Amino acid sequence: MYNEKVMDHFEHPRNQGVIEDANGTGEVGNAQCGDIMKIYLKVEDDVITDVRFQTFGCGAAVASSSMATEMIKGKTLAEAWDLSNKAVAEALEGLPPQKLHCSVLAEESIHAAINDYRVKHGLEAWEEKGGHAEHQH
Amino acid sequence: MYNEKVMDHFEHPRNQGVIEDANGTGEVGNAQCGDIMKIYLKVEDDVITDVRFQTFGCGAAVASSSMATEMIKGKTLAEAWDLSNKAVAEALEGLPPQKLHCSVLAEESIHAAINDYRVKHGLEAWEEKGGHAEHQH
Amino acid sequence: MNTEKRLVYMDHAATTATRVEVAEAMVPYMTGHFGNPSSLYDLAKDSREAVDAARVQVAAAIGAAPKEIYFTSGGTESDNWALKGVAFAKRSKGNHIITTAVEHHAISHTCAWLEKQGFSVTYLPVDRYGMVDPEAVEAAITPETILISVMMANNEIGTIMPIAEIGTVARKHGVLFHTDAVQAAGHIPIDVQEMNIDLLSLSGHKFHGPKGTGALYVGPGVRLDPLMHGGAQERGRRAGTENVPGIVGMGMALSLAVAEMVENAERVTALRDRLAAGLLAIPETYLNGHPQKRLPNNVNVVFAYIEGESILLLLNRKGIAASTGSACSSASLEASHVLMACGLPHDVVHGSLRLTLGEETTEADVDYVVAAVAGVVQRLRDMSPLTPTELRSK
Amino acid sequence: MNTEKRLVYMDHAATTATRVEVAEAMVPYMTGHFGNPSSLYDLAKDSREAVDAARVQVAAAIGAAPKEIYFTSGGTESDNWALKGVAFAKRSKGNHIITTAVEHHAISHTCAWLEKQGFSVTYLPVDRYGMVDPEAVEAAITPETILISVMMANNEIGTIMPIAEIGTVARKHGVLFHTDAVQAAGHIPIDVQEMNIDLLSLSGHKFHGPKGTGALYVGPGVRLDPLMHGGAQERGRRAGTENVPGIVGMGMALSLAVAEMVENAERVTALRDRLAAGLLAIPETYLNGHPQKRLPNNVNVVFAYIEGESILLLLNRKGIAASTGSACSSASLEASHVLMACGLPHDVVHGSLRLTLGEETTEADVDYVVAAVAGVVQRLRDMSPLTPTELRSK
Ligand SMILES: Cc1ncc(COP(=O)(O)O)c(C=O)c1O
Ligand SMILES: Cc1ncc(COP(=O)(O)O)c(C=O)c1O
């Protein structure tokens with residue numbers, strides 16, 4: 001069902017865990033739907049110096065978390081904000097159609113964590129572009 | 001489908017053919033239904049001294065003709081009249097249910113031949129007992 | 001019992017032997033790669049890939065895309081599904097179905113049942129060769145018409161219908177077109193695109209594949225209710241755990257049949273014509289079906305004055321396996337509706353004989369059968385009260 | 001890919017391998033005795049006799065008469081036929097059907113379709129063990145009720161329903177009673193007479209028979225429309241060329257399963273209990289289904305804080321084949337309706353694991369699986385944001 005890249009990230013998840021002194025965290029999803037993602041950010045000078053995730057969910061959810069965190073590490077918040085679920089799915093070399101929503105969760109949880117950081121630091125929360133109509137779970 | 005007895009009578013029909021100087025003949029059935037039986041009788045002193053048949057029809061029709069003619073040969077007309085289709089089927093050790101009507105044809109063709117003889121000889125035709133409601137073809 | 005050593009199987013339209021290599025390819029999917037294709041684990045992957053590969057094979061054989069192929073349990077299921085599926089899905093659009101008087105019972109009995117459910121069915125007549133007129137199809141279309149179902153080739157008389165022409169008519173009027181290609185597949189070329197076919201039925205055991213397998217081609221955009229409700233197999237359209245070994249066997253058998261089709265058809269057509277010529281030399285014997293537009297392997301003749309079941313029984317004794325449209329050989333005691341629709345009179349319809357050849361049929365088989373049939377026909381004519389004197393022995 | 005050498009198949013409720021001796025018995029009916037059973041010639045006789053013999057085997061396994069057994073293409077077809085067949089045949093008598101909330105989709109989706117056709121369906125609730133109350137069945141009967149359909153044993157949680165009691169209720173009220181015995185056959189004793197069952201579904205591949213085979217028991221006097229219209233096969237009730245090899249295999253597999261049932265059930269029950277005990281030792285793990293009244297081979301548990309598909313993927317890496325009711329692993333993205341009906345909260349329903357044992361399962365397999373599952377559960381709990389601190393590693 002999953003390709004090798006997805007399986008690799010599922011089985012050997014990068015950045016799994018918690019950042020005790022995170023300065024931005026975001027959680028999306030709910031247990032009823034079967035997937036929850038929580039992102040921990042360590043931001044220094046507008047750059048994500050460390051990122052961790054915790055995920056309750058299927059293989060695609062774990063792999064998406066793993067890949068997405070890899071992709072934003074070392075990036076500025078603005079760069080990280082621009083990471084789309086499509087880019088995550090592409091970096092994973094594709095997800096089964098019914099699992100695309102997992103990559104959406106990854107994007108959303110990163111957005112939530114970034115805005116958490118921004119609000120905590122007296123900045124305005126960025127607005128979602130509203131282009132996630134495809135998010136169905 | 002057919003038992004060995006039926007197949008034996010179908011493949012080696014007894015009394016098949018024509019009696020040129022028959023003094024009683026009977027034909028029943030029609031080509032539309034797929035079976036016709038014709039019986040030729042040679043009657044002497046009320047006894048059937050010879051009998052032949054011609055049959056257009058399936059294996060059961062031929063076997064029933066063969067068996068029925070065997071069963072009435074040497075019998076008086078009254079005895080022959082009493083030959084039931086059930087007796088023919090039993091003598092054949094059974095016919096498939098949908099083929100029982102073939103044994104009915106045998107009974108009816110013998111009746112027709114007997115009455116042909118009787119009428120030709122100034123006797124009254126015997127009446128069918130009317131018990132052949134099961135004859136459906 | 002067959003009293004001859006020889007066995008000549010001339011009933012390939014009824015069923016065929018599964019090719020040995022096909023049976024061998026199936027066994028590993030019974031005992032080894034037995035996983036349920038819908039499962040997640042590795043064992044299921046083998047099954048899933050095997051099913052996908054078979055789908056590609058079947059699709060290629062009829063010019064379809066793999067995702068348009070749905071595996072079923074046979075031609076009967078495919079026919080039932082196509083008709084009932086479209087009828088129930090389109091009920092609100094219309095209630096009229098057009099078919100012919102010579103369809104297989106899997107179509108005609110399904111239509112009869114749909115009539116009981118309130119649908120209206122036109123059974124188009126055929127000409128003496130069993131051919132339907134595309135213009136008659138067009139003329140039968142009403143605003144209520146939701147489906148046209150015309151078989152590609154007739155199972156009794158082998159007549160090949162003008163499917164492409166009917167496809168054009170159907171497309172022009174925006175009516176769905178189903179064809180029962182159970183007898184055609186592997187014997188004559190099929191292209192669902194070129195022929196404008198929306199739904200097409202196949203049955204595995206008619207081309208040396210396994211019994212209990214079939215497929216329905218469902219073209220793009222065609223909506224139909226499932227016949228088998230349940231699990232999400234076959235993309236949610238045909239429920240039931242996939243018959244993986246059967247599907248593997250069917251795919252392989254069809255792709256082999258198509259690969260060998262041109263060569264086989266040429267060889268078999270020559271044998272067919274030799275057989276027909278031999279049989280037609282018997283007096284008062286007539287060919288059923290179209291003289292040219294017929295399946296390469298089908299010979300169907302009628303002999304006056306005799307009945308088909310007796311012919312079969314005597315041929316069986318000579319090791320020849322054949323078939324007839326006689327009422328006496330059918331469970332319903334009804335004579336072939338196909339021969340009747342071709343206008344054969346009631347009193348000769350019972351004397352039909354169908355011989356359908358196969359890849360293994362030889363010229364010697366044909367000559368043996370011609371001689372055997374001639375003998376059997378004479379013997380039965382001698383026994384029949386209908387036979388005119390000049391046709392009797394001696 | 002499985003990185004262990006070991007392969008432990010614990011998904012027998014999904015499908016089973018065809019027994020080698022069964023596959024071997026089938027092959028001759030593919031390539032050799034391939035005749036169409038309906039034909040007249042000798043070749044057909046072998047096929048016909050083989051089908052008859054299989055019918056006797058299947059009948060004997062459920063206390064029926066051979067003439068009450070109709071071969072189908074699987075459990076799904078049998079279920080669809082029973083429900084639609086009775087519904088359409090009895091439409092004029094009434095339009096109400098009673099079933100449960102925990103049936104297989106072959107029943108529940110068929111019911112949903114029948115609702116679209118104007119029938120009315122009562123889906124009875126079950127208790128926390130997945131058990132339906134026979135009194136609730138009785139209370140649901142109205143003058144319009146034409147059919148009760150309650151599965152004999154549940155495919156997900158293994159709960160065995162009070163079939164004999166429901167049979168008594170149905171008989172008392174003169175309502176037809178169908179049971180889906182797909183998971184029960186070959187595992188627990190079945191007697192259609194004693195249990196007052198009118199219709200019963202079987203599926204060959206669930207007891208080491210071939211895929212694509214099934215049967216419907218139809219009791220004396222039960223009228224139902226065909227689902228497969230067409231030829232006169234199966235005494236005119238189920239059209240389609242008989243799948244002779246499949247039928248042979250199914251008959252043989254079922255009679256072997258029943259012969260070995262008592263012994264197997266005892267052995268497998270012990271393993272099941274060992275497995276359940278091992279898994280329930282994992283914290284916050286709960287058993288689904290009835291603690292006693294369950295299939296001998298079924299274990300179904302739910303682990304809090306984690307999701308089932310990930311469990312399966314990791315178990316697969318350890319060579320373990322299993323199943324889950326998680327939405328994430330289903331094509332429809334809906335969580336198990338069975339677990340929901342048992343009252344499992346939405347937020348734990350995704351963490352279920354079904355392990356179904358087989359005759360070849362060993363104690364070593366069980367211990368291996370317990371250890372593997374414990375490791376996997378811990379690993380996923382460590383990853384989950386929901387896991388309370390005291391359940392995390394270190
Ligand atoms: C034209 C045609 N349609 C449908 C069928 C039914 O196929 P099956 O018996 O494999 O279900 C047959 C064969 O019996 C056939 O010849
Ligand atoms: C209880 C139950 N009913 C019906 C079915 C359907 O059987 P099949 O997939 O063989 O058609 C299954 C198995 O999938 C089942 O477990």
Side-chain angles (χ1 to χ4, degrees), chain C residues 1-2 9 11 14-18 20 23 27 30-32 34-36 39-43 73-77 79-80 104-106 109-110 112-113 203 205 210-213 225 227-232 236 239-246 309 312-313 316 321-323 329-332, chain D residues 1-2 7 9 11 14-18 20 23 27 30-32 34-36 39-43 73-77 79-80 104-106 109-110 113 203 205 210-213 225 227-232 236 239-246 309 312-313 316 321-323 329-332:
Chain C
M1 204 195 318
N2 168 9
Y9 185 71
D11 205 14
T15 193
T16 58
T18 303
V20 173
V27 172
M30 298 185 185
T31 53
F34 67 87
N36 193 321
S39 300
L40 214 85
Y41 36 79
D42 293 352
L43 188 66
S73 69
T76 297
E77 182 185 333
D79 283 348
N80 274 262
H104 189 270
H105 283 151
H109 288 176
T110 301
W113 184 81
S203 182
H205 70 101
K211 292 183 171 57
T213 66
D225 279 16
L227 181 67
M228 300 285 183
H229 290 89
T241 303
E242 298 88 340
N243 176 3
V244 181
E309 192 208 86
L312 295 197
L313 289 172
N316 179 48
S323 160
S329 81
S330 85
S332 62
Chain D
M1 204 194 317
N2 168 11
L7 206 158
Y9 185 71
D11 204 14
T15 192
T16 59
T18 304
V20 173
V27 172
M30 297 184 185
T31 53
F34 67 87
N36 192 322
S39 299
L40 215 86
Y41 36 79
D42 293 351
L43 187 67
S73 68
T76 298
E77 181 184 334
D79 283 348
N80 274 263
H104 189 269
H105 283 151
H109 289 176
T110 301
W113 185 80
S203 182
H205 70 101
K211 292 183 171 57
T213 66
D225 279 17
L227 180 68
M228 300 283 183
H229 290 89
T241 303
E242 297 87 341
N243 176 2
V244 181
E309 191 207 88
L312 295 197
L313 289 172
N316 179 48
S323 160
S329 83
S330 86
S332 63

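First the proteins, then the strands, lettered A, B, ... as listed; each starts at 1. Being a predicted model, the structure only gives us computed values, none of them experimental.
Applying the salt bridge (Lys or Arg N to Asp or Glu O under 4.0 Å) rule to D:Glu242 yields no partners; only residues at least two apart in sequence or on another chain are considered. Under the side-chain contact (heavy atoms from CB on, under 4.5 Å) criterion, C:Ser323 pairs with C:Asp11, C:Arg354, sequence neighbours left out.
Residue D:Asn80 touches chain C through its side chain alone, counting heavy-atom pairs closer than 4.5 Å. For a residue to count as touching a neighbouring chain, one of its non-hydrogen atoms must lie under 4.5 Å from one of that chain's; by this rule C:Ala232 touches chain D with the side chain only. Looking at C:Asp225, only its side chain comes within 4.5 Å of chain D, counting heavy atoms on both sides. Interface residue D:Thr16: only backbone heavy atoms are found under 4.5 Å from chain C. For C:Ala322, the part lying near chain D is the backbone, with the side chain staying farther off; criterion is any non-hydrogen pair under 4.5 Å.
In terms of heavy-atom pairs under 4.5 Å with chain D, the best-connected choice from C:Ala17, C:Ala239, C:Ala106 is C:Ala17. Each of C:Leu313, C:Thr213, C:Thr110 has some count of heavy-atom pairs under 4.5 Å with chain D, and the biggest count is that of C:Thr110. With chain D as the partner, the residue from C:Lys211, C:His105, C:His229, C:Met228 showing the most heavy-atom pairs under 4.5 Å is C:His229. No other option in D:Gly75, D:Ala321, D:Gly74 has as many heavy-atom pairs under 4.5 Å with chain C as D:Ala321. The residue among D:Val27, D:Leu312, D:Thr241 with the most heavy atom pairs within less than 4.5 Å of chain C is D:Thr241.
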- Task: Could you please spell out the steps behind the side-chain contact (heavy atoms from CB on, under 4.5 Å) verdict for D:Leu43 and C:Tyr9?
- Result: CA-CA 9 Å; D:Leu43 187 67; C:Tyr9 185 71; 3.6 Å; yes
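Contact between D:Ala14 and C:Tyr41 at its shortest, heavy atoms only, is CB-OH, 4.3 Å. Smallest separation of non-hydrogen atoms from D:Thr15 and C:Asn36: CG2-N, 3.5 Å. The two residues C:Gly230 and D:His109 make their nearest non-hydrogen contact at O-ND1, 2.9 Å.
The backbone N or O of C:Asp42 sits less than 3.5 Å from a side-chain atom of D:Asn316, completing a donor-acceptor pair.
Inter-residue side-chain proximity for D:Glu77 and C:Ser73 is flagged as met; some heavy-atom pair is nearer than 4.5 Å.
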